[in-house]
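The structure under discussion appears below in the form of C-alpha cells.
In this text the structure is predicted, and so the values were computed from the model without any measurement. Each chain gets a letter, A, B and so on, in the order the sequences are listed, and its residues count up from 1.
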Amino acid sequence: MESAVKAERVYKNFQSGKTEIEALNNISFEVERGELFGLIGPDGAGKTTLFRILTTLMIANKGNAWVDGFEVVSQYKEIRKRVGYMPGRFSLYQDLSVEENISFFATLFGTTLEENYEFVKDIYVQIEPFKKRRAGALSGGMKQKLALSCALIHRPSVLFLDEPTTGVDAVSRQEFWDLLKSLQHQGITIVVSTPYMDEANLCDRVALMQNGKIMDIDTPKGITQKFPKPLWAIIAADMYKLMHDLRSDERVDTCYPFGQYHHITFTELNQEIQSIEKTLVEKGHADLSIQKIEPTIEDCFMELMNK
Amino acid sequence: MSNRVAISVSGLTKQFGDFTAVDAITFDVKQGEIFGFLGANGAGKTTAMRMLCGLSLPTSGKANVAGFDLYKESENIKKNIGYMSQKFSLYDDLTIRENNRFYGGIYGLTDEQIKEKTQFMLKHLHLESQADTLVKALPLGWKQKLSFSVSMIHDPKIVFLDEPTGGVDPITRREFWTMIYEAASRGTTVFVTTHYMDEAEYCDRVSIMVDGRIEALDTPAALTKKFDVKGMEEVFIQLARKAKRSDN
C-alpha cells in the first residue's frame, strides 16, 4: 500500500532582502498509514513551510510530494478534501461562535456536525458547553480544541498539526498527546510538529529538523541508540563552576546543562571516570556524583547539530 | 547573591470583576537571584508580571520593585527594570545598531553611552559584522540573545523574561541560560517564566502558581525532596493537576 505522505527532495527558498533563505533543503521522507509521525525542531527549522507544501498551500521550487497517493500540485483538490490542517497560529473566525465555526467548516466540506459527531465527540464535548461563545473569547486551550474539531469535521485521512503544544504548560501538553493517541486509534495518520524534544518519545517515528534539513529519521529508540559515545550525568554543589571546570578540561568533549545535571561526553571513548572525579575533587567540588546514563532525544539532537 | 531584596510582594491581588486573577500572593526576590515564576496556562502569571512591571495596578496588596512602590512610583520601576519576551522583543525592520539606538534613547541614555554599549554588546555576542543587518534577517537564536542584551542596555536592577527560550534550538537555549547566569553573577535579578521544566532546575528558587495563588516556593532541590519526586517536571505536574480553574 502506498504511504500516507511521501516527500522527495522537496526544496524551497525565500528571498529576504539581499539574503536568500533555504527554508527546505532537499527534504525526503515517508509516513506510513496510521502512523503518528513527529517533525521535531526549533523555530526556523522549516516545519511550517513543509506543512504548507504538503497541504497544497504553497508550491515547492523543486522536488515532489504526495499525500494519500495524490500529487500536491496537479491533484491539490483531491488532497484538500482528504487532509485536516491545524496551523500554528489560531486561524478560525474570531467573530463566529464555536458552533458557527464548526458548521462553517463542515459546510465547506459538504458535511455536518451531526454526521460526524461520533468521530469528533471526544474533543467536541469539551467545548460543547461553550458553543454559543464567540471563538475570540475562548481561552487558549479551548481555542486549540475548537481548531482541532474544525480540522477533523470532514473525517480527514491525514491530519497535519503545526506546533499544537507550543506555549502550552506541561499538564495540558500531556492531555493533548493523550487526545492524539486516541485519534490515531481511529485509524487517522497524524503528522505533528513540535519544538519540545521530549515529545518525540510520544511519536511512532520522528524526523529531527534543523535549518531546512532532516538530520535523522527513525523511531525515538532508534535515534537514541545511535548516540555515538557513552554519556554521563554529573552533579555537584556548584553547578555553574562545575560547567566551567568541565568545559576547560581537555578530556571533556561536550558538557551541557540538563535540568539538575550536566550531561558530558569525553574525547576518549573509554575515559576513566576516577581520574575525572579526582580532578574535580581537587578543584574543590563537593557532593560530586557521576553516573552513566541513556541519552535522550535532546542529547541526540545536539549531537547531530554539532556534526 | 546578596541579602538585599529586589522585589518584595505582600498580599498582591488583582480582580477583574468577580474573577480573582491573582489571589493575595506574597514573596521576596533577592538582588542577583534567578527566580523562576512557573504556573499552568491561566494561573495568573502574566497578570502578576504585568503588575510587577508597573503596567497594571493591583486591586489590593503591597509591592516594592527595585526599591520603588508599585502604586506611587511605577514610572521609576519602569526605568529600573528590563523586559523581554518571546513575542515582543526587537523591531524586525530596524538593524541591530538602530534597535540599540532606539531602546537606548527610550531609556534616556546619552549618544556616547549608546555607542559604548552597542560596541560592547556586538563584541560580546560576536555580532560585529552584523551591526547593520536588519534584525529580521537574523536566526531566531541570535535574535533572542540580542534581545536579552538590549533589554539590559540601561543596566536595570531587575530583568523580567517571559518565556525567553520558546521555540529556540537546544544548544542556543543553553547558551541563553549561560547569559542569564552571567547577568545574575553581575548582580542583576532575573525573574523568568518558562514551560521547559529542565530550565526550572537552573533557577535559584522557583514559585509555582495554581489558580491565582502561589502553591509552592523554594529551591528546586527542596521542592523535589518535599514532593518526593525526581525533578521539577513532576513537582509541577502534581501541583498543576490540582488546578480547578483552567485554560482548557
Side-chain angles (χ1 to χ4, degrees), chain A residues 16-19 21 41-45 47 88 126-127 138-145 163 165-176 194-198 209-211 235 237 239-240 243-244 247 254-263 296-303 305-306, chain B residues 34 38-43 45 86-87 93 133-134 136-141 143-144 163 165-175 177-178 181-182 184-185 194-202 210 220-221 224 230-243 245-248:
Chain A
S16 171
K18 280 177 224 150
T19 47
I21 296 163
D43 288 4
K47 307 186 300 290
Q126 300 178 46
I127 47 172
L138 294 174
S139 69
M142 291 288 184
K143 276 183 182 164
Q144 195 190 37
K145 278 169 190 154
E163 295 204 11
T165 54
T166 292
V168 174
D169 68 64
V171 174
S172 312
R173 287 205 278 141
Q174 268 190 355
E175 288 172 3
F176 194 81
T194 177
Y196 297 107
M197 305 280 147
D198 56 336
M209 286 185 80
Q210 168 80 356
N211 294 332
I235 189 167
M239 293 301 280
Y240 189 48
M243 187 173 71
H244 279 291
R247 283 187 175 168
T254 59
C255 169
Y256 290 114
F258 258 84
Q260 299 151 285
Y261 300 89
H262 295 331
H263 286 188
T296 65
I297 294 284
E298 192 153 354
D299 290 300
C300 299
F301 196 95
M302 292 199 284
E303 167 69 23
M305 277 178 78
N306 283 330
Chain B
I34 303 173
L38 312 183
N41 299 113
K45 292 191 306 280
Q86 187 201 354
K87 283 166 203 132
D93 293 323
T133 305
L134 290 184
K136 70 173 164 200
L138 298 173
L140 175 83
K143 239 191 249 188
Q144 294 303 84
E163 287 184 43
T165 55
V168 172
D169 73 68
I171 291 183
T172 311
R173 203 153 73 77
R174 287 169 172 83
E175 289 168 357
W177 271 89
T178 306
Y181 278 121
E182 282 167 8
S185 67
T194 181
H195 283 306
Y196 290 102
M197 287 304 124
D198 59 332
E199 295 185 349
E201 310 274 1
Y202 308 151
V210 181
T224 307
K230 279 198 216 106
M232 282 305 297
E233 169 125 28
E234 289 171 71
V235 173
F236 181 85
I237 287 176
Q238 275 197 26
L239 283 169
R241 277 258 158 80
K242 287 187 202 144
R245 176 166 119 194
S246 139
D247 185 38
N248 300 293

**OP:** Evaluate the side-chain hydrogen bond (donor to acceptor under 3.5 Å, both in side chains) criterion for residues B/Thr172 and B/Gln144: first the C-alpha distance (whole Å), next the side-chain angles of each, then the deciding distance (0.1 Å), finally the verdict.
**Re:** CA-CA 9 Å; B/Thr172 311; B/Gln144 294 303 84; over 6 Å; no

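The minimum heavy-atom distance between B/Gly39 and B/His195, with the atom names listed, is O-CE1, 4.4 Å. Nearest heavy atom pair, residue A/Lys143 against residue A/Leu138, reads CE-O, 3.6 Å.
At a threshold of 4.0 Å, the pair A/Asp198-A/Arg173 counts as salt-bridged, since one of the basic side-chain nitrogens sits closer than that to a carboxylate oxygen. Looking at B/Arg173 and B/Asp198, a side-chain N of the basic residue comes within less than 4.0 Å of a carboxylate O on the acidic one, giving a salt bridge.
Neither the backbone nor the side chain of A/Glu163 comes within contact range of chain B; no heavy atoms are under 4.5 Å apart. With a threshold of 4.5 angstrom between heavy atoms, B/Glu175 does not approach chain A through any atom at all. With a 4.5 angstrom heavy-atom cutoff, A/Phe301 touches chain B only via side-chain atoms. The part of A/Met243 that comes within reach of chain B is its side chain, from C-beta onward, which places non-hydrogen atoms under 4.5 angstrom from that chain. Proximity to chain A (any heavy atom under 4.5 Å) is restricted, for B/Leu140, to the side chain, taken from C-beta onward. In this structure, chain A has no heavy atom under 4.5 Å from any part of B/Lys143. Contacts of A/Met302 with chain B are made by both backbone and side-chain atoms, with heavy-atom separations under 4.5 Å. Of the atoms belonging to B/Pro170, heavy atoms from both backbone and side chain fall under 4.5 Å from chain A.
Not one N or O on the side chain of A/Lys47 forms a donor-acceptor pair closer than 3.5 Å with the backbone of A/Met209.
Among B/Met197, B/Glu163, B/Glu201, B/Arg241, the residue with the largest count of heavy-atom pairs under 4.5 Å with chain A is B/Glu201.
Ring geometry for B/Tyr202 versus B/Trp177: interplanar angle over 60°, hence perpendicular rather than tilted (30 to 60°).
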